[in-house]
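Whatever order the structure lists them in is the order used to number ligands and atoms, beginning at 1.
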Amino acid sequence: MGPDVMKTDVFIVGGGPAGLATGIAIRQRGMRVMVADSAKPPIDKACGEGLMPQTVAALKGLGVTMGPSQAVPFRGIRFIGEGRVAEGAFPHDYGLGIRRTTLHQALADRAAEVGVEPLWGSRVKRILEGEVWLDSYKVQARWIIGADGQNSRVREWAGLDRGLPQETRFGFRQHFRLAPWTDFVEVYWGRNCQIVVTPVTPHEVCLVVTSRSPQIRLKEALTQFPEISRRLDGRQAITKDLGAISALRIIRKVSRGPFALVGDASGSVDSLTGEGLGLAFQQATALSEALASDDLAHYDAAHRRINRPPEIMSRILLAMEKRAWLRRRAIDALAKEPHLFERLLAVHAGTFSPRTLGFGNIFKLGWRLITSPN
Ligand SMILES: Cc1cc2nc3c(=O)[nH]c(=O)nc-3n(C[C@H](O)[C@H](O)[C@H](O)COP(=O)(O)OP(=O)(O)OC[C@H]3O[C@@H](n4cnc5c(N)ncnc54)[C@H](O)[C@@H]3O)c2cc1C
């Protein structure tokens with residue numbers, strides 16, 4: 001006897017943040033939706049655990065809100081490196097630091113509340129002629145969404161281009177039990193790595209080291225940043241070392257026939273932008289709108305629009321990461337022009353259009369980059 005067959009409007013492969021957000025957005029438009037993931041909530045993953053203000057807003061739009069015991073607000077970004085410090089506050093709203101597992105559980109709870117049908121602990125093995133094959137049954141779906149992360153199989157099964165990873169780096173994450181010392185997310189720029197420190201609960205901070213080497217771990221990286229070691233004051237990490245790949249991968253076509261991709265499956269940006277989750281949540285809403293109007297071409301266009309600014313920001317940050325002289329000059333210039341840093345964050349956050357930076361400001365920043373002392 002063949003496997004049992006079920007039916008749904010939309011089937012989502014992958015119940016990470018992108019898959020769950022997409023499931024919620026689709027349910028909000030009244031369609032029937034199933035989400036399958038080989039793991040079970042709360043699913044953990046190496047992440048900086050910082051949600052930018054626009055990410056928090058997108059989450060709110062999905063009906064996901066966090067209480068003060070679940071997340072910690074931060075009001076801007078601080079760059080520390082090359083003997084310089086520059087910081088920019090967000091113009092209106094705040095970002096949120098949140099443990100990845102807390103975020104995932106909140107999304108899973110909201111998905112259950114709006115009627116997403118979860119298939120936890122279920123691996124999708126293949127997709128054939130509109131039918132999704134799981135272990136002991138098949139599901140027929142009108143639309144099939146790949147939210148299965150960077151190495152998406154759905155992308156392959158749909159015959160969509162995987163794009164070229166333009167820059168690949170490695171990130172490792174650990175948590176430490178101590179009260180956050182600042183309400184900024186701090187980015188420490190070192191010789192061959194960066195450490196991002198995010199307050200995630202009133203008693204915990206998350207540290208992520210990113211570099212081009214899969215060998216560089218937090219312990220070793222900390223030797224470049226005595227100011228962080230001083231704060232940690234000999235404390236041991238309370239979570240184990242969890243690693244993931246941080247890739248700038250640009251994919252221009254993200255739908256084909258009944259298939260669409262969302263989240264990291266549809267391309268990714270460098271983790272230093274702190275934008276991966278925000279992209280996934282914005283794409284989720286755009287995709288649900290396109291499905292409701294039965295036109296995935298709209299989603300392709302919206303996806304390009306949503307991804308473009310963080311792709312540009314990735315290139316800027318990666319250029320700083322590669323060149324000490326540029327890093328020095330950029331941090332120096334931003335330290336001297338804090339309003340410009342704030343404007344840049346606002347453009348990055350989508351609150352202002354790049355035009356609001358103004359020719360004068362761009363000229364000023366460029367001039368400082370050229371003329372700052374080495
Ligand atoms: C080091 C690092 C730091 C980062 N820091 C930040 C940050 O501070 N802020 C931010 O916004 N973003 C950050 N990001 C980016 C963010 O983590 C990703 O963009 C996000 O995880 C993408 O979510 P996703 O759901 O698309 O993919 P994933 O989280 O990878 O989820 C994919 C899911 O699909 C499931 N799956 C895969 N194949 C199958 C299958 N065949 N059947 C069933 N299930 C399957 C997997 O089990 C998994 O749960 C960071 C990334 C890295 C690497």
Side-chain angles (χ1 to χ4, degrees), residues 11-23 34-56 58-59 74 77 95-101 103-104 107-108 118-127 132-135 144-157 168-174 185 187 193-200 206-211 214 218 241-249 261-284 307 310 314:
F11 191 98
I12 301 178
V13 185
L20 287 174
T22 307
M34 289 182 182
V35 177
D37 200 295
S38 41
K40 291 183 181 168
I43 302 176
D44 204 359
K45 190 181 168 178
C47 184
E49 306 189 335
L51 308 181
M52 300 293 269
Q54 69 277 22
T55 312
V56 179
L59 264 179
F74 59 88
I77 308 290
L96 278 182
I98 182 169
R99 283 283 285 260
R100 177 74 177 211
T101 42
L103 174 68
H104 190 262
L107 282 161
L119 301 166
W120 298 117
S122 306
R123 173 170 295 282
V124 172
K125 292 177 170 167
R126 61 174 167 155
I127 296 170
V132 182
W133 289 58
L134 294 107
D135 281 330
I144 299 166
I145 311 301
D148 49 345
Q150 283 198 21
N151 296 317
S152 170
R153 294 294 308 279
V154 176
R155 194 168 59 210
E156 207 178 301
W157 292 327
T168 300
R169 306 193 313 125
F170 302 87
F172 291 91
R173 175 223 75 185
Q174 286 190 290
V185 163
V187 183
C193 63
Q194 305 76 45
I195 292 183
V196 178
V197 183
T198 310
V200 288
C206 170
L207 267 64
V208 168
V209 57
T210 49
S211 77
L218 202 51
D241 208 16
L242 199 57
I245 285 178
S246 163
L248 171 61
R249 182 193 292 274
L261 305 175
V262 71
D264 279 5
S266 71
S268 50
V269 293
D270 189 83
S271 62
L272 280 180
T273 62
E275 280 289 1
L277 294 163
L279 291 183
F281 301 153
Q282 292 174 64
Q283 291 160 5
N307 279 40
S314 292

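At a 4.0 Å heavy-atom cut-off, ligand 1 does not touch Ser152 at all. For Ser122, every heavy-atom contact with ligand 1 shorter than 4.0 Å involves the backbone, none the side chain. At a heavy-atom cutoff of 4.0 Å, ligand 1 is contacted by the side chain of Lys45 but not by its backbone. With a 4.0 Å heavy-atom cut-off, ligand 1 is reached by no atom of Ala280. In Thr55, neither the side chain nor the backbone holds a heavy atom less than 4.0 Å from any atom of ligand 1. Contact annotation: for Arg126 versus ligand 1, there are no heavy atoms closer than 4.0 Å. Residue contacts with ligand 1 for Glu49 involve N, CA, C or O but no side-chain atom from C-beta outward (heavy atoms, distance under 4.0 Å).
The main-chain N or O of Cys206 is never found under 3.5 Å from a side-chain atom of Arg99 such that the two would form a donor-acceptor pair. Put simply, the side chain of His104 gets close to the backbone of Ile43: a donor and an acceptor are under 3.5 Å apart.
Ligand 1 places these atoms under 4.0 Å from at least one heavy atom of Asp148: 32 (C), 34 (O), 37 (C), 38 (N). Near Ala36, meaning under 4.0 Å from any of its heavy atoms, are these atoms of ligand 1: 43 (C), 44 (N). Below 4.0 Å from some heavy atom of Ala244 lie the following atoms of ligand 1, by number and element: 53 (C). The Gly14 neighbourhood of ligand 1 comprises atoms 34 (O), 35 (C), with distances under 4.0 Å to a heavy atom of that residue. Listed by number with element, the atoms of ligand 1 under 4.0 angstrom from any heavy atom of Ala147 are 32 (C), 33 (C), 34 (O). Counting atoms of ligand 1 from 1 in the listed order, those under 4.0 Å from a heavy atom of Gly263 are 26 (O). Residue Ile43 has at least one heavy-atom neighbour below 4.0 Å for each of these atoms of ligand 1: 49 (O). Every atom of ligand 1 is numbered from 1 in the order shown, and the set under 4.0 Å from a heavy atom of Ile245 is 53 (C).
The nearest heavy-atom contact from the protein to atom 50 (C) of ligand 1 is Ser271 CB, 3.8 Å. If you check which protein heavy atom lies closest to atom 48 (C) of ligand 1, you get Asp37 OD2, 3.4 Å. Ranking protein heavy atoms by distance to atom 11 (O) of ligand 1, first place goes to Leu277 N, 2.9 Å. Of all protein heavy atoms, the one lying nearest to atom 13 (C) of ligand 1 is Cys47 SG, 3.7 Å. Annotation: atom 31 (O) of ligand 1 to nearest protein heavy atom, Gly16 CA, 3.8 Å. Scanning all protein heavy atoms for the shortest distance to atom 19 (O) of ligand 1 gives Asp264 OD1, 2.8 Å. If you check which protein heavy atom lies closest to atom 15 (C) of ligand 1, you get Gly276 CA, 3.9 Å.
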Subject >> Trace of the salt bridge (charged side-chain N to carboxylate O under 4.0 Å, His left out) decision for Asp148 with Arg153 >> reply: CA-CA 7 Å; Asp148 49 345; Arg153 294 294 308 279; over 6 Å; no
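A side-chain donor-acceptor contact under 3.5 Å links Arg169 and Gln194. Side-chain contact, Thr198 with Glu49: no donor N or O sits under 3.5 Å from an acceptor N or O. Defined by atom type and a distance below 3.5 Å, a donor-acceptor pair is present between the side-chain atoms of Glu275 and Gln54. Side-chain contact of Asp264 with Ser268: a donor-acceptor pair under 3.5 Å is absent, judged by distance alone.
For ligand 1, the polar-atom distance check against Phe172 finds no nitrogen or oxygen pair separated by under 3.5 Å. The shortest N/O to N/O separation between Gly19 and ligand 1 does not fall below 3.5 Å. Below 3.5 Å of separation, one finds an N or O of Arg100 facing an N or O of ligand 1. Checked by distance only, ligand 1 and Gly48 come closer than 3.5 Å through their nitrogen or oxygen atoms.
Of the candidates Ala18, Ala39, Ala46, Ala284, it is Ala18 that places a heavy atom closest to atom 24 (P) of ligand 1.
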